[in-house]
Every structure is written in C-alpha cells, then in structure tokens.
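The structure appears below as structure tokens.
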Amino acid sequence: IDVMDMSAVDSRGPSFSRYLHSLILTDEDFFLQIDSHMDFAKSWDTKLMNEWGATNNEYAILTSYPADTARLHANGNNENVMREVPYLCSASFNSANLVRQGPAVALVNIATPALQPLYSSMFSFSRSHAFRRVTPDPNLQHAYDGVEFSMGARLWTRGYDFYAPTETVVFHDYKQAMAVTEGKENDKAEGHNHVDPVGWTENGMSPWDKRKMFEDASLRMKTLLNTPGGDNTLAAIASLTKFGLGSARTLQQYWAFCGVNTKAL
C-alpha cells in the first residue's frame with residue numbers, strides 16, 4: 001500500500017490531487033479512482049473485473065456518479081437494489097461558461113455495460129494505461145465545474161469509451177453519515193475527533209490568489225474545449241502540452257456523441 005500525505009494547506013483542488021495520485025502508479029494493470037467517503041458492495045473487486053471484461057474493449061472505462069451509501073446499508077447487498085445503476089447523460093453550462101454535468105439517471109436490469117457519453121472522476125475503473133496516457137491536469141487548480149467534462153473529452157479523443165456497469169458496486173456518502181463529527185458537534189469534540197479549519201491566508205494564500213488560480217484554470221479549460229472566452233491561438237493550444245486533446249477522435253465528434261457543443265453556448 002502506497003500513501004501520499006500532504007497538508008490541507010497545500011490543497012489545490014481535485015484535478016491537482018488526482019494528478020498526484022497518478023504519480024503513484026507503477027506497473028499495475030488496472031486503476032480504480034474514487035472520491036472520499038466511499039463504501040463498496042461485497043466482492044466489488046471481482047465484480048469490477050468481470051464488468052470491465054464484459055465490455056470486450058481494451059479502452060473501456062467503467063464510470064458514473066456512485067449511488068448513496070444509504071442504499072447499500074439499508075439493503076445489505078440486495079441484488080435487486082444493485083441492479084439499478086446510475087447513468088450519466090446530461091450536462092449544462094454554468095454562469096462561467098463551464099460544463100456542469102447533471103445528476104445521473106437510473107438504468108435497471110441492463111444485461112451488459114452500457115456505453116455512456118460522460119465521464120465521472122468520482123468513480124472510474126480501467127486499464128492503467130488510460131491514466132498514464134491521460135494524466136489529470138495539475139494546472140486546473142481550484143476548479144470544480146468543467147474538470148470532469150474536460151477530462152472526459154481528453155480521454156474520449158484518445159479512443160477511450162465510458163460505460164455504466166450492470167451493477168452498482170461503489171457507493172458515496174453524500175450525507176456525510178460516515179464522518180466522525182459534523183456541524184456543531186465539531187465544536188464540542190476533543191482530541192483526534194476535533195477538526196481545526198484552516199483559512200487560506202494561514203498558508204500565505206489570499207482569496208485573490210485562489211481566485212486567480214481558478215480564473216487561470218477556467219481559461220485553460222475553455223481553450224481546451226474551444227469554448228467562447230478561451231484562447232484559441234496556436235501558442236495557447238500548444239501550451240496545453242500533454243494535457244490537451246488526443247488525435248484518435250475529434251472534439252467535434254465528441255460534441256456529436258455526448259450532445260454538448262462547447263463552442264455553441
């Protein structure tokens with residue numbers, strides 16, 4: 001087990017964190033990426049391998065927004081419950097012209113993994129070469145909306161396909177029921193159970209610094225996706241380096257496949 005520790009004051013958002021995760025990869029055949037506060041169904045590892053194999057696609061990525069852990073705990077690995085799976089198929093633009101993916105819809109009793117137009121960084125399982133070739137962009141600091149769609153576009157244009165599995169095996173604690181303390185309970189907690197919040201100014205980062213990082217990340221995503229407000233000069237596109245789009249399929253083809261045209265806001 002390899003662990004990478006870092007202080008909360010050094011946090012730069014999810015894409016930066018996932019970039020650091022990719023540095024831990026060595027010669028592993030498969031790569032599972034999840035969010036925090038997750039839980040798993042019984043035999044999740046075997047089930048994920050079987051699901052991936054059922055796609056018959058070396059470039060398959062099993063991915064979706066996980067179901068709530070409350071469903072797992074209330075039903076105790078009930079097979080009928082597991083057969084309702086989240087499926088990602090909607091997205092919209094926020095006020096900053098970044099793509100915000102919508103909530104998952106439900107597919108029930110599908111026989112094989114279902115080809116899906118969108119990618120989720122909350123749960124993805126694939127061959128490790130996907131994340132060796134398409135490393136999360138560490139320059140998208142303090143960005144949230146737009147990050148998943150950008151990563152999905154980079155993967156898809158390199159030939160990777162997204163699938164919803166036939167069974168829900170990974171769950172997320174959306175209500176933070178797994179947290180030791182929350183809200184006012186933290187004020188009363190002592191020792192290890194007490195969390196001391198850290199302000200941005202405590203590590204020398206002002207709110208202006210954080211905002212500047214977000215604006216730079218937003219410009220970078222708009223440049224990648226040819227979105228209005230981006231920098232479409234050859235120099236800007238070249239500056240994306242390996243964090244740009246692939247050449248196996250075009251961005252325009254991805255627009256047609258997923259139904260989100262980032263140029264036509």
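All residue numbers in this chain count up from 1 along the given sequence. Small disclaimer: the values here were computed from a predicted structure and weren't measured.
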How long is the span from the [atom1] atom in [X] to the [atom2] atom in [Y], to the nearest 0.5 Å?
| X | Y | atom1 | atom2 | value |
| --- | --- | --- | --- | --- |
| N261 | F93 | CG | CZ | 7.0 Å |
| L224 | L245 | CG | CG | 4.5 Å |
| S126 | D161 | OG | CG | 12.0 Å |
| L48 | L32 | CG | CG | 6.5 Å |
| D45 | F30 | CG | CZ | 12.0 Å |
| R249 | R158 | CZ | CZ | 12.0 Å |

Same hydrophobic cluster for [X] and [Y], using side-chain heavy-atom links shorter than 4.5 Å among ILVMFWY?
| X | Y | result |
| --- | --- | --- |
| V108 | V85 | no |
| Y144 | L118 | no |
| L20 | I34 | no |
| L240 | L219 | no |
| F40 | F31 | yes |

Search all heavy atoms of [X] against all heavy atoms of [Y] and return the closest pair with its distance.
| X | Y | value |
| --- | --- | --- |
| F243 | P136 | CE2-O, 3.6 Å |
| V105 | C89 | CG2-SG, 3.8 Å |
| E84 | R71 | O-NH2, 2.8 Å |
| L88 | Q116 | N-OE1, 2.7 Å |
| L251 | L225 | CD2-O, 3.5 Å |
| F123 | P66 | CB-CG, 3.9 Å |

Applying side-chain contact (heavy atoms from CB on, under 4.5 Å), run through N57 and Y163 and close with a yes or a no.
CA-CA 10 Å; N57 182 350; Y163 293 84; 3.2 Å; yes
Would you say the side chain of [Y] lies within less than 4.5 Å of the side chain of [X], judging by non-hydrogen atoms?
| X | Y | answer |
| --- | --- | --- |
| T63 | Y160 | no |
| W44 | E167 | no |
| F16 | S11 | no |
| Q101 | F149 | yes |
| W156 | C258 | no |
| V169 | F125 | no |
| T69 | H37 | no |

Please check if the side chain of [X] supplies one atom and the backbone of [Y] the other of a donor-acceptor pair under 3.5 Å.
| X | Y | value |
| --- | --- | --- |
| S120 | E148 | no |
| S22 | Y19 | yes |
| S17 | P14 | no |
| R154 | K242 | yes |
| Q141 | M213 | no |
| R18 | T135 | no |
| Y59 | A130 | no |

Using the ring of each side chain (for Trp, its six-membered ring), is F162 parallel, tilted or perpendicular to Y119, with breaks at 30° and 60°?
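Tilted: the ring planes of F162 and Y119 meet at 30° to 60°.
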Quick check: are there more than 12 heavy atoms from other residues, nucleotides or ligands sitting under 6.0 Å from CD1 of I24?
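More than 12 heavy atoms, drawn from other residues, nucleotides or ligands, come within 6.0 Å of this atom.
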Which hydrophobic side chains are connected to V3, either touching it within the sub-4.5 Å cutoff or through other members that do?
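Taking Ile, Leu, Val, Met, Phe, Trp and Tyr as members, V3 shares its hydrophobic cluster with I1.
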With ILVMFWY side chains joined below 4.5 Å, transitively, what does V147's cluster contain besides itself?
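ILVMFWY cluster around V147 also holds L98, L140, F214, M221.
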Does the pair T227 and V99 meet the rule for a side-chain contact (heavy atoms from CB on, under 4.5 Å), with working shown?
CA-CA 10 Å; T227 303; V99 180; over 6 Å; no
Can R220 and D216 be counted as an ion pair, charged N to O under 4.0 angstrom?
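Judged by the 4.0 Å cut-off on N to carboxylate O distance, R220 and D216 do not form a salt bridge.
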NZ/NE/NH1/NH2 to OD/OE distance under 4.0 Å, K47 and E51:
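Salt bridge: no.
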All side chain to side chain contact (heavy atoms under 4.5 Å, CB included) counterparts of A54, not counting sequence neighbours
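For A54, the residues satisfying side chain to side chain contact (heavy atoms under 4.5 Å, CB included) (neighbours in sequence not counted) are P113.
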Please list, chain by chain and in numerical order, all residues satisfying side chain to side chain contact (heavy atoms under 4.5 Å, CB included) with E28, sequence neighbours excluded.
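E28: side chain to side chain contact (heavy atoms under 4.5 Å, CB included) contacts with L25, T26, S128, R132.
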Could you give me the CA-CA distance, side-chain angles and deciding distance for N232 and N226, then say whether side-chain contact (heavy atoms from CB on, under 4.5 Å) is met?
CA-CA 7 Å; N232 295 320; N226 198 15; 3.3 Å; yes
Sequence-distant partners of D68, side chain to side chain donor-acceptor pair (under 3.5 Å), two or more places apart
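Once residues adjacent in sequence are excluded, D68 has no partner under the side chain to side chain donor-acceptor pair (under 3.5 Å) criterion.
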Set out, in order, the CA-CA distance, both residues' side-chain angles and the distance that settles side-chain contact (heavy atoms from CB on, under 4.5 Å) for F257 and L115, then state yes or no.
CA-CA 11 Å; F257 175 65; L115 192 64; 4.1 Å; yes
Please name all residues satisfying salt bridge (charged side-chain N to carboxylate O under 4.0 Å, His left out) with R127, sequence neighbours left out, ordered by chain then number.
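Once residues adjacent in sequence are excluded, the partners of R127 under the salt bridge (charged side-chain N to carboxylate O under 4.0 Å, His left out) criterion are E58.
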